[in-house]
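Please read the structure below before turning to the comments.
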Amino acid sequence: MSGYDFKKIEKKWQDKWEQTGVFHAKQDFSLPKFYSLIEFPYPSGQGLHVGHPRPYTAIDIVARKKRLQGYNVLYPIGWDAFGLPTENYAIKNHIHPEIVTRDNIATFKKQIKSLGFSFDWSREINTTDPQYYKWTQWIFLKLFEKGLAYKKEMAVNWCTSCKCVLANEEVVNGVCERCASDVVRKVKSQWMLKITEYAQRLIDDLDGLNYIDRVKLQQKNWIGRSTGAEVDFTATTGDKITVYTTRPDTLFGATYMVISPEHSLVDKWKGIIKNMEEVKRYREESARKSDFERTELNKDKTGVMLEGIKAVNPVNDEEIPIFISDYVLISYGTGSIMAVPGHDERDWEFASKFDLPIIEVVKGGDVTKEAYTDCDTGTMVNSGFLNGLSVEQAKIKITEFLDERGKGRQKVNYKLRDWVFSRQRYWGEPIPIINCERCGYVALKPSDLPLVLPKVDNYEPTDTGESPLAKITQWVNTTCPKCGDPAKRETDTMPQWAGSSWYFLRYCDPFNDEALASEQALDYWMPVDWYNGGMEHTTLHLLYSRFWHKFLYDEGVVTTAEPYMKRTSQGMILGENGEKMSKSRGNVVNPDEIIDEFGADTMRLYEVFIGDFEKAAPWNSSSIKGCKRFLEKVWGLMDIAEKSSEYSKELESLVHMTIKKTTHDIDSLKGNTAISAMMTLVNKIYEMGAVNTQELKTLLILLNPFAPHITEEIWEKMSFGKAVTDQKWPSYIEELCVSDSVEIAVQVNGKIKARIVVPSDVGGDEAIAAAKQDEKVSTEIAGKNIIKEFYVKGRLINIVVK
RNA sequence: GCUGGUGUGGCGGAACUGGCAGACGCCCGGGACUUAAAAUCCCGUUCUGGCAACAGAGUACCGGUUCGAUUCCGGUCACCAGCACCA
């Protein structure tokens, strides 16, 4: 038999698959369906690195197996192509982002195709295609129509030198990534989406989903539901200051208040605050910090007391001072807090630093040394009518008390914040809104979609902080769709998250111009049966897309409340040095080189064999050899099959065990152990020097999802008939998966003393009797009292003696 | 800091629901083949001691529960991911 020429073989089968369209999802909606999905890639300029194919391969294996099991499988791919890196590259190199995107996609496509994935390329989509983003804009208009898109003043990062808005990622240690100049927070009016309206449903509906636990937990904690109370304090100016607290029970211990530096009351009190100069300076300082820096627990607490104004505690009418401090964020709760230094760590630190009174209201700790934050034990003290109650009882009683007097109420709060949807950038979907002086914000007519991103030569940021689109006056100036007066277009674009929030719907029916997808197609394909993606998308992309899907469900566009039934997550492939793969670290491995040297099948095998799918694993160029050797051995099976096809019970049994293991392991993403089982089988065949046709066929089908090219080639060379893709996934016979005898470990007092071989169906008493016959064991237990005997079927015996 | 996760030989990793730790593969050592090298094949390969039989230790660290713990519980340490305008 000739050698294993992977280059020839892989080209041959890839061409064949492309010609026959064997992996295209069938239009027959009567078949059982399986929708498998990977996160569509962002086509960056660096091309693919060996990390990309890991999830693609894992889910490709699942998809290929499902096809062999008779499912109509949809395994699509497309491009999430809007975004910042492309735009920055375009600006730097003076190449239009559209061209950069087109070229990057071409590279990615070629690389991905060379791995022989069973993607349905006939459904390829691209978020930057106007025929695609027409529907992204359409969804936005729906959200706008339902009042879920609104404008709000929000802080953005502003580079004082580049004079443009920066993404958080572009701010490194408080300075601009590119020019190292200072970055300040600047307030701009932004489009927002009310994801908070869906917070409760986003938590509740997790229960029915098959997501890995840590994804569910992360999402729940990100949404961050808490039940507490709102309490209304009154300032000496007469203004109401409402705070949110999860500890209303500690109200008697509130010795001061803190409002966030950007709180509107500070502006209102401009004329009354005596130390306004100091306050102004502090506000400027905190404008330079990110929320992340501001809330760091171990940082030094800073703040300024507002002189000339006090607040009145509604429960005891005591006057307490008001501070501004940057550890209170405008974006969470009401932007102001009541401070209870006795029972909150941050308040305790702040009070200690500013010499404010610390009152103990829950007994149990020592508030002179540290805040006592335990809620489960301890009783109320120094709290008037709450004295003697538990924390839980006090929470209820105080909330009732405040409610009766109109000074407070129970309140559920979420950490989740609304989605900032505006970007002052060029390379994104234009927001289809027109601002009319007479009518306000007016939606474009759906018939005017897509609102195409104007093609311009100059897509550089403006120095006013507006989107580059603002410079294109003939595009900006238009007429109001409502009243016909001259009006201006919105010039902000959407964030990259927009296009990826609904792409899985478009795959169901990618070329429909009447709807984002037909009802029948959505009804048949949705929900996605299995969605795999990175852990890093757990709280943003995954929540955003669930939110949009729920909205579309409410609108009657889709028929399932949830988009994804199952969610798994791959670990990263690290560089050979164990560090994250990146250009700057110089440890990027290019799949092209691997494929050239070892072939796509070896590459695929190694991507899976490298380790636990859910954990990070460092790439190792010498380990790949093992996978290549295995495939060479598989190739060599043709010779063995020709020489001898003698039947052996042992081999038959091993084949059935391998079917069982591979079948289950693919479903639980444990391809690494499936491959090791197949390696064991192949090693056994070599040892025996014989394999029959049925066994070889079975092995080839089992291996086909992992190494599709070589298995098809051997199948054809052996004249086994129609291609492997037309075969059926093998089933196993449970009785054949056990061998006749087993080795059992024998322990005396938990220490292994011997191993005995017994028939696998042996009973406990017999096994223990056999163990006692063993020379070593009998000397160990001689003359001692047997206290207890344990028998674990087929595994171990433990004799406890004294 | 907050939230979630991870920690097993020289390396990647395996181990059902608490039951033989180290499957499978890489590296490495020895041997065969070869003028030689590569490739291939055979043997060995957790550590310590021993020629060996064997003995002892061992799943980040400390402690607990149990006949029995990589697995369960409490604490400590280290590392990784995310933190809302990166995707």
Side-chain angles (χ1 to χ4, degrees), chain A residues 39 41-42 44 80 82-85 88 154 156-157 165-171 190 195 213-222 224 290-299 327 331 345-346 415-425 495-497 500 534-541 543-544 569 571-572 574 578 580 606 609-612 614-627 629-630 632 636 670 672-680 683 686 743-752 754-755 787-801:
Chain A
E39 286 169 344
Y42 175 70
S44 73
D80 186 15
F82 274 130
L84 196 62
N88 286 345
M154 288 292 294
V156 294
N157 302 308
V165 176
L166 299 182
N168 284 351
E169 197 194 46
E170 298 173 289
V171 183
Q190 308 266 33
I195 189 173
D213 289 341
R214 63 184 202 276
V215 169
K216 283 192 186 181
L217 246 182
Q218 280 276 59
Q219 290 212 345
K220 252 181 211 164
N221 290 342
W222 181 260
S290 67
D291 286 0
F292 175 55
E293 286 173 280
R294 284 170 51 162
T295 51
E296 242 181 326
L297 198 63
N298 63 349
K299 88 170 176 123
Y327 77 94
S331 49
E345 276 176 53
R346 284 164 306 182
K415 281 206 182 98
L416 183 71
R417 313 206 287 258
D418 277 340
W419 175 3
V420 186
F421 201 69
S422 289
R423 299 292 182 273
Q424 291 71 43
R425 288 284 181 160
Q496 185 169 32
W497 308 111
S500 61
M535 232 14 233
E536 68 275 20
H537 294 122
T538 303
T539 50
L540 298 180
H541 161 65
L543 272 181
Y544 290 153
S569 212
M572 239 189 293
L574 308 171
K580 195 171 167 168
Y606 182 60
F609 192 64
I610 193 166
D612 184 338
E614 294 196 340
K615 289 186 200 145
W619 187 261
N620 185 311
S621 36
S622 60
S623 284
I624 306 166
K625 279 184 224 161
C627 292
R629 283 177 193 153
F630 169 62
E632 301 264 12
K670 292 197 174 295
N672 53 335
T673 49
I675 292 170
S676 87
M678 288 186 272
M679 284 173 166
T680 306
N683 289 345
Y686 268 79
E743 194 187 66
I744 289 183
V746 184
Q747 299 181 330
V748 176
N749 286 344
K751 289 229 169 211
I752 290 171
R755 286 168 224 275
I787 295 174
K788 222 166 180 182
E789 293 165 338
F790 294 87
Y791 173 63
V792 183
K793 191 170 184 297
R795 295 193 176 271
L796 151 152
I797 289 165
N798 188 10
I799 302 171
V800 184
V801 296

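Each chain gets a letter, A, B and so on, in the order the sequences are listed, and its residues count up from 1. Just so it is clear, the structure is predicted and the values come from calculations on it, not from any experiment.
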Any idea which of B:C24, B:A81, B:A84 is nearest the A:K415 side chain? B:A84

Using only atom types and a distance under 3.5 Å, with no angle test, would you say the side chain of A:Q747 pairs donor to acceptor with the backbone of A:L796? no

Please pick, from B:C85, B:G82, B:C86, the nucleotide with the shortest atom-to-atom distance to any side-chain atom of A:L84. B:C86

Could you tell me whether A:L416 contacts a base, only the sugar-phosphate backbone, or nothing, with contacts defined as non-hydrogen atoms closer than 4.0 Å? base

Counting the atoms with a prime plus P, OP1 and OP2 as sugar-phosphate, which does A:V215 contact under 4.0 Å by heavy atoms, base, sugar-phosphate, or nothing? nothing

Span that lies between the P atom of B:U45 and that of B:G10, in whole angstrom: 15 Å

On a whole-Å scale, what distance lies between the P atoms belonging to B:C67 and B:C16? 23 Å

Sugar-phosphate, base or nothing in reach of A:N798, heavy atoms under 4.0 Å: base

Examine B:A81: is either OP1 or OP2 under 4.0 Å from a nitrogen or oxygen in the side chain of A:R214? Give yes or no. no

Sticking with atom C1', work out how far B:U66 lies from B:G18, rounded to a whole angstrom. 9 Å

Main chain of A:V801, side chain of A:N749: is a donor-acceptor contact present, judged purely on distance under 3.5 Å? yes

Please report the distance, rounded to the nearest Å, between NZ in A:K788 and P in B:G68. 11 Å

If I pick the C1' atom on B:G12 and the same atom on B:G22, what distance separates them, to the nearest angstrom? 13 Å

Is the backbone N or O of A:T538 less than 3.5 Å from a side-chain atom of A:Q219, with the two atoms forming a donor-acceptor pair by type? yes

Please state the P separation for the pair B:G74 and B:C80 - nearest whole angstrom. 25 Å

Would you say the side chain of A:W222 lies within less than 4.5 Å of the side chain of A:K220, judging by non-hydrogen atoms? no

Look at the side chain of A:P618 and decide which nucleotide, out of B:G13, B:C85, B:A84, has an atom nearest to it. B:G13

Please round to the nearest 0.5 Å and tell me the distance separating atom CE of A:M154 and atom OG of A:S422. 10.0 Å

Taking atom NZ of A:K415 as the centre, report whether more than 12 heavy atoms of other residues, nucleotides or ligands fall under 6.0 Å from it. no

Side chain of A:V156 (C-beta onward), nearest among B:G25, B:C85, B:A14: B:C85

Secondary-structure string, 5' to 3', Watson-Crick or G-U under 3.5 Å, | for another-strand partners, for RNA chain B: (((((((..(((......[....))).(((((.......))))).((((....))))..(((((..]....))))))))))))....

Strictly below 4.0 Å: does A:K670 bring a side-chain N or O up to OP1 or OP2 of B:G13? no

Is any N or O donor-acceptor pair between the side chain of A:R629 and the base of B:C26 shorter than 3.5 Å? no

Closest approach to the side chain of A:E536, judged atom by atom: which nucleotide of B:A81, B:G19, B:G25 is it? B:A81

Short side-chain N/O contact from A:N683 to OP1 or OP2 of B:G25, under 4.0 Å: yes

Return the value, rounded to whole Å, for the distance between atom CD of A:Q747 and atom C1' of B:C67. 9 Å

Using a heavy-atom cut-off of under 4.0 Å over every strand shown, decide if A:E39 touches base, sugar-phosphate, or nothing. nothing

For the pair made of CG in A:D612 and P in B:U8, what is the distance, rounded to whole Å? 12 Å

Write down the distance between NZ (A:K615) and C1' (B:G7), rounded to a whole number of angstrom. 9 Å

Work out how far the P atom of B:C11 is from that of B:U17, and round it to whole angstrom. 27 Å

Which part of the nucleic acid, if any, lies within reach of A:L796 when heavy atoms closer than 4.0 Å are counted: base, sugar-phosphate only, or nothing? base

Could you grab the distance from atom OH of A:Y791 to atom CD1 of A:I799, nearest 0.5 Å is fine? 13.0 Å

Categorize A:E789 for me: base, sugar-phosphate, or nothing, with a 4.0 angstrom heavy-atom threshold over every strand shown. nothing

A:S622 has a side chain; which of B:C26, B:G19, B:G82 sits nearest to it? B:C26

B:G68 versus B:C42 - spacing of their C1' atoms, nearest Å: 39 Å

For B:A14, does OP1 or OP2 lie under 4.0 Å from any side-chain N or O of A:N672? yes

If I pick the C1' atom on B:U65 and the same atom on B:G75, what distance separates them, to the nearest angstrom? 15 Å

Has A:Y606 got a side-chain atom pairing as donor or acceptor with A:N620's backbone, closer than 3.5 angstrom? yes

Any idea if B:G9 is syn or anti, going by the 90°-from-0 cut? syn

Using only atom types and a distance under 3.5 Å, with no angle test, would you say the side chain of A:D418 pairs donor to acceptor with the backbone of A:I195? yes

Is there a side-chain contact between A:R425 and A:N88, using heavy atoms and a 4.5 Å cut-off? yes

Nucleotide B:C24, atom P - distance to CE of A:M679 in whole Å: 10 Å

Base, sugar-phosphate alone, or nothing: which one does A:E743 contact when heavy atoms must sit under 4.0 Å apart? base

At 4.0 Å (heavy atoms only), tell me whether A:E632 reaches a base, stays on the sugar-phosphate, or touches nothing. nothing

What is the distance, rounded to the nearest whole Å, between atom CE of A:M572 and atom P of B:A81? 5 Å

Base, sugar-phosphate, or nothing: which does A:M678 touch, judged by heavy atoms less than 4.0 Å apart? nothing

Are A:V156 and A:Q190 side-chain neighbours, meaning at least one heavy-atom pair lies under 4.5 Å? yes

Can you work out whether A:F790 or A:L540 has the more 5'-proximal nearest nucleotide on RNA chain B? A:F790

By the 4.0 Å heavy-atom rule, please label A:K751 as base, sugar-phosphate, or nothing. sugar-phosphate

Given B:G4, B:G12, B:C20, the nucleotide with the shortest approach to the side chain of A:A745: B:C20

Under 4.0 Å between a side-chain N or O of A:K625 and OP1 or OP2 of B:C27? yes

Angle between ring planes, A:Y544 versus A:W419, binned at 30° and 60°: parallel, tilted or perpendicular? parallel

5′-ward residue of the pair A:C627/A:Y606 relative to RNA chain B: A:Y606

Rounded distance in Å - CH2 (A:W497) to C1' (B:G82): 11 Å

May I ask you to say what A:H541 touches in the nucleic acid, namely base, sugar-phosphate or nothing, with a heavy-atom cut-off under 4.0 Å? nothing

Nearest whole Å is fine: how far is B:U3 P from A:Q219 CD? 17 Å

Looking across every strand, which nucleic acid part, if any, lies under 4.0 Å from A:S422 by heavy atom: base, sugar-phosphate, or nothing? base

